[in-house]
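Single-structure report; data block below.
Quick note: numbers below take in every heavy atom, side chains included, and nothing from hydrogens, waters or symmetry partners.
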Amino acid sequence: MSESQYLPARERMLKRIAETRDTARSGLPHWASAADGKWTFTPDGDWTGGAFVGELWLAHLADRSQFPIEDARAALSRMLPRAERLTAFKGFGFYHAGALGSILFKEENARAVALTAARSLRDMFDPHLGLIPLGRDAEEASAVGASESSIDSLQATGLLYWAADELSDARMEEVANAHMRRVLEIHVRQDNSVIQSSTLDHTGKVLRTHTHKGYSDISTWGRAQGWAMLYTAHAAMVRPDEPLWRDYAVRLLDWWIDHVPADLIAFWDFDDPAIPNTGRDTAATAIAAAAALRLASALGPEGGAKYRLFAERTVTQLSSKYLTPTAPDDPRPPGMLTGGCFTRKAIVRDIDAAQNVELIFGSYFLFECLAILTDLVPPGWI
């Protein structure tokens with residue numbers, strides 16, 4: 001497929017990024033109403049805010065006059081209190097908000113902040129558990145308990161691998177590998193579907209597994225599968241000499257491809273008995289596309305062709321069916337990725353109880369895909 005067919009969607013998303021930037025003079029966007037595009041903000045970005053900073057770095061790459069680099073720097077500054085908080089989820093935010101600025105623009109402050117967060121993650125590793133626990137400051141710790149792990153905690157690994165390279169830090173590498181291996185062992189089922197969460201005792205013994213954000217304890221929540229695909233594919237991309245990560249990524253993505261609906265937009269949970277009369281999750285779907293592009297890069301032109309095509313088809317569906325248009329009679333801002341599902345359960349936090357909304361991380365991953373498919377960013381770079 002040609003680069004030109006994705007440019008209109010990229011331009012629409014740039015309009016949304018500019019509108020969000022002009023609105024977000026304090027705090028960072030979390031999710032937005034599908035009716036009017038108004039954002040719910042968090043003061044320091046929560047676990048999601050780094051996605052918006054990542055959008056601003058990529059927007060600067062696309063249009064330096066409309067998106068001066070100071071936009072990303074200012075947004076990153078709002079996240080600084082989170083850098084040393086004890087939460088495995090900060091790996092997501094500081095990879096896209098910090099490491100990305102260093103990778104794309106050699107931004108020294110972004111690099112320093114990202115390295116601070118990575119060192120903190122390295123030091124959180126628990127050798128008895130064999131992984132990085134969620135941490136007492138994790139956004140879900142109060143909902144699921146302190147002795148918990150989850151597939152979501154793979155968010156630590158992208159930042160750790162980058163920091164290991166930046167610092168030539170063997171310990172950082174060991175922690176990333178051990179955490180990745182242990183979390184996958186616990187949460188990837190034999191059929192290559194993913195269960196979200198686990199409860200461990202102090203020795204690392206798994207007491208139970210469950211899916212606290214999905215339809216049931218034994219269901220496959222769409223975003224759990226998405227995170228597993230994304231971070232195994234990312235590891236396969238940045239650690240090409242480790243076949244285990246490629247193997248996991250292929251198996252996990254093949255499961256998704258075999259189970260996603262024909263229109264390629266995932267239901268919020270693959271096991272909801274109300275399917276097809278239940279909600280979708282475009283954020284999980286955008287994560288899947290981003291994972292497929294990473295795996296395609298890791299496998300090369302021949303081995304990766306299947307995943308590149310799947311990513312292209314998924315991005316086309318998201319852009320044509322869920323990205324708001326530029327239309328004078330539409331009250332919504334153009335370039336919103338609608339149809340995101342934060343959670344359908346009220347057991348987490350009120351701020352996350354949102355369905356059929358724009359999720360900032362879903363928008364980030366769609367924009368990242370569009371940046372790659374329009375040759376703004378070379379495959380395998382981020």
Side-chain angles (χ1 to χ4, degrees), residues 30-37 40 48 139-140 143-144 148 150-152 187-199 208-230 251-292 310 313-324 332 336-363 365-366:
H30 196 52
W31 60 266
S33 164
D36 57 17
T40 292
T48 60
E139 287 71 19
E140 296 173 8
V144 296
E148 289 283 312
S150 75
I151 201 71
D152 311 44
H187 299 97
V188 177
R189 302 181 181 107
Q190 286 192 338
D191 70 351
N192 300 313
S193 65
V194 172
I195 197 156
Q196 184 191 5
S197 297
S198 57
T199 303
R208 72 172 183 131
T209 57
H210 59 109
T211 293
H212 69 277
K213 282 188 175 178
Y215 173 76
S216 73
D217 274 354
I218 60 171
S219 67
T220 300
W221 178 52
R223 209 151 69 239
Q225 193 79 20
W227 292 133
M229 295 188 302
L230 182 75
R251 290 189 284 117
L252 291 162
L253 267 150
D254 284 350
W255 186 94
W256 180 282
I257 292 169
D258 289 343
H259 290 81
V260 76
D263 66 3
L264 304 184
I265 309 301
F267 291 104
W268 77 284
D269 189 298
F270 283 87
D271 296 305
D272 186 342
I275 290 173
N277 301 312
T278 191
R280 306 290 186 120
D281 188 3
T282 57
T285 304
I287 291 168
F310 176 74
R313 292 174 57 225
T314 301
V315 168
T316 297
Q317 289 289 90
L318 287 168
S319 300
S320 62
K321 294 185 177 179
Y322 290 90
L323 199 64
T324 54
R332 305 168 299 176
M336 290 178 61
L337 179 60
T338 59
C341 177
F342 225 129
T343 179
R344 291 170 65 95
K345 286 195 168 183
I347 63 169
V348 192
R349 303 176 301 166
D350 289 343
I351 197 173
D352 295 340
Q355 301 174 39
N356 192 26
V357 295
E358 179 181 16
L359 302 176
I360 190 59
F361 53 92
S363 293
F365 283 113
L366 178 58

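Open room surrounds CD1 on Ile218; 12 or fewer heavy atoms of other groups in view lie less than 6.0 Å from it.
By the side chain to side chain donor-acceptor pair (under 3.5 Å) test, Asn356 is found to be paired with no residue, residues two or more places apart in sequence or in another chain being considered. Scored by the ring pair (Phe, Tyr, Trp, His ring centres under 6.0 Å) test, Phe267 finds no partners at all (sequence neighbours excluded).
For Thr282 (side chain) and Gly340 (main-chain N/O), a donor-acceptor pair under 3.5 Å exists by modelled atom type. A side-chain donor-acceptor contact under 3.5 Å links Gln196 to the backbone of Lys213. Formation of a donor-acceptor pair under 3.5 Å by the Thr211 side chain with backbone atoms of Ile195 is not found in this model. Between the side chain of Asp281 and the backbone N or O of Ala266 there is no donor-acceptor pair closer than 3.5 Å.
Arg280 and Thr285 share no side-chain donor-acceptor pair at under 3.5 Å. Between Thr48 and His30, the side chains place a donor N or O and an acceptor N or O closer than 3.5 Å (distance only, hydrogens not considered). A donor and an acceptor atom, one from each side chain of Glu148 and Thr199, are located under 3.5 Å apart.
Taking the six-membered ring where the residue is Trp, Trp227 and Phe361 present tilted rings, their angle falling between 30° and 60°. Trp255 and His259 have parallel rings, their planes meeting at less than 30° on a 0 to 90° scale where 60° marks the start of perpendicular.
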